[in-house]
Number of protein chains: 2
Amino acid sequence: MNLEPSTRESVAEMLRTRGITPTHQRIEIALVLLEKRWHPSADQILAAVNVRCAETSKATVYNTLKLFLDKGLVRELIVDPNKVFYDSNTSVHHHFYDVVSGEITDIAAAGVRVDGLPPLPAGMVPAGIDIIVRTRPGL
Amino acid sequence: MNLEPSTRESVAEMLRTRGITPTHQRIEIALVLLEKRWHPSADQILAAVNVRCAETSKATVYNTLKLFLDKGLVRELIVDPNKVFYDSNTSVHHHFYDVVSGEITDIAAAGVRVDGLPPLPAGMVPAGIDIIVRTRPGL
DNA sequence: TTGGAACCTGGACTTTGTCTAATTGGATTT
DNA sequence: AAATCCAATTAGACAAAGTCCAGGTTCCAA
């Protein structure tokens with residue numbers, strides 16, 4: 001998903017076009033994902049949604065993220081087994097992960113392009129592709 | 001690590017050259033990692049070590065894997081937050097993950113080469129780079 | 001033989017995510 | 001409006017993977 005000044009109504013519309021019933025909770029979660037250029041974890045999303053106003057349960061956040069994943073609305077960034085983030089920018093791009101700050105930034109945002117991803121064996125299609133370059137400062 | 005017909009003694013030797021005290025448990029774990037072309041999980045390693053003979057605790061397996069990681073003896077393959085595997089082949093190569101069988105195979109083994117990995121921003125060095133292409137059969 | 005350092009251990013604990021049974025909300029029917 | 005229905009949501013119990021810790025071994029050196 002990649003729309004700009006998102007209102008509750010524009011988000012509801014987008015969900016409908018993807019075949020997702022736009023419930024209150026789903027709209028709030030989508031708004032949180034879109035509200036700034038960030039890569040929140042499930043935990044951060046839960047916290048952000050509940051700060052806004054809406055009471056939303058952990059189960060719903062996980063259900064909704066899985067739904068959005070299935071429908072291609074978000075991408076899952078697995079930096080480490082216990083560091084999983086969600087990216088509402090689903091266009092093909094890659095990420096730097098800063099070991100020190102724990103933050104993720106788009107490689108595109110750092111002015112870098114990537115080419116030459118490998119072809120797949122016959123009969124297989126990608127279910128997900130990503131490069132995460134884990135970095136640490138200095139040597 | 002990449003030696004061929006590994007004996008307990010040749011493994012001990014290799015560990016020593018890397019500055020690792022070759023304890024009984026570490027040798028057993030290294031042997032398990034080297035014994036065939038596979039990509040075991042921590043659990044599988046624990047099971048395999050304890051089948052062989054040696055009683056080894058979960059904590060030791062995790063400690064040892066972390067140590068081997070630090071020393072560059074193994075690579076960690078994170079397919080999914082709950083699917084983490086270890087690869088004793090530390091040369092630069094990439095992997096296919098088969099969603100159906102749950103197995104990992106080297107991309108090199110499938111006759112594919114990868115070029116064009118992205119440069120890093122100034123002041124950063126990679127702590128780990130990998131591409132995992134998750135696949136599912138057919139369309 | 002004693003002391004100390006590195007290593008190993010079992011088990012409790014934490015974290016992240018999943019499951020389930022009960023409840024809610026809201027659209028549709030009567 | 002009342003009744004009905006079903007997808008969506010919920011709280012909280014549960015599971016899996018990994019971490020932590022306090023005590024126990026092993027081994028080497030003095």
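First the proteins, then the strands, lettered A, B, ... as listed; each starts at 1.
B/N82 pairs by the side-chain contact (heavy atoms from CB on, under 4.5 Å) definition with nothing, not counting sequence neighbours. The side-chain contact (heavy atoms from CB on, under 4.5 Å) test applied to A/D43 returns A/S41, not counting sequence neighbours. In this view, B/L65 and B/L33, B/A42, B/I45, B/V61, B/Y86 satisfy the side-chain contact (heavy atoms from CB on, under 4.5 Å) rule, not counting sequence neighbours. Taking the salt bridge (Lys or Arg N to Asp or Glu O under 4.0 Å) definition, one finds that B/R16 meets it with B/E9, B/E13, sequence neighbours left out. Partners of A/E55 under the salt bridge (Lys or Arg N to Asp or Glu O under 4.0 Å) rule, at least two apart in sequence or in another chain, do not exist in this structure.
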inquiry  = I'd like to compare against my own output: the B/S/- annotation of nucleotides 8-17 of chain C with a strict under-4.0 Å heavy-atom distance to protein.
reply    = SBB-B---SB
Contact letters for nucleotides 24-30 of chain D, in which S counts primed atoms plus P, OP1 and OP2 and B counts the base, heavy atoms under 4.0 Å = -------
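Here ring pair (Phe, Tyr, Trp, His ring centres under 6.0 Å) pairs that include residues 30-52 of chain A, with residues two or more places apart or in two chains, are A/H39-A/H95. Listed by first then second residue, pairs satisfying side-chain hydrogen bond (donor to acceptor under 3.5 Å, both in side chains) with a partner in residues 57-69 of chain B read B/S57-B/T60, not counting sequence neighbours.
Put simply, CG on A/L67 is 13 Å from C1' on D/dT9, counting in whole angstrom units. Regarding A/I27, its CD1 atom lies at a distance of 13 Å from the C1' atom of D/dA8, rounded to whole Å. The distance between atom CD of A/E28 and atom C1' of D/dT10, rounded to the nearest whole Å, is 17 Å. Atom CG of B/L65 and atom C1' of C/dC7 are 16 Å apart (whole Å). As rounded to whole Å, 15 Å separates atom P of D/dA16 from atom CD of B/Q44.
With hydrogens and angles ignored, the 3.5 Å screen pairs a side-chain donor or acceptor of A/R26 with a backbone N or O of A/T21.
Counting non-hydrogen atoms under 4.0 angstrom, B/S41 reaches nothing in the nucleic acid.
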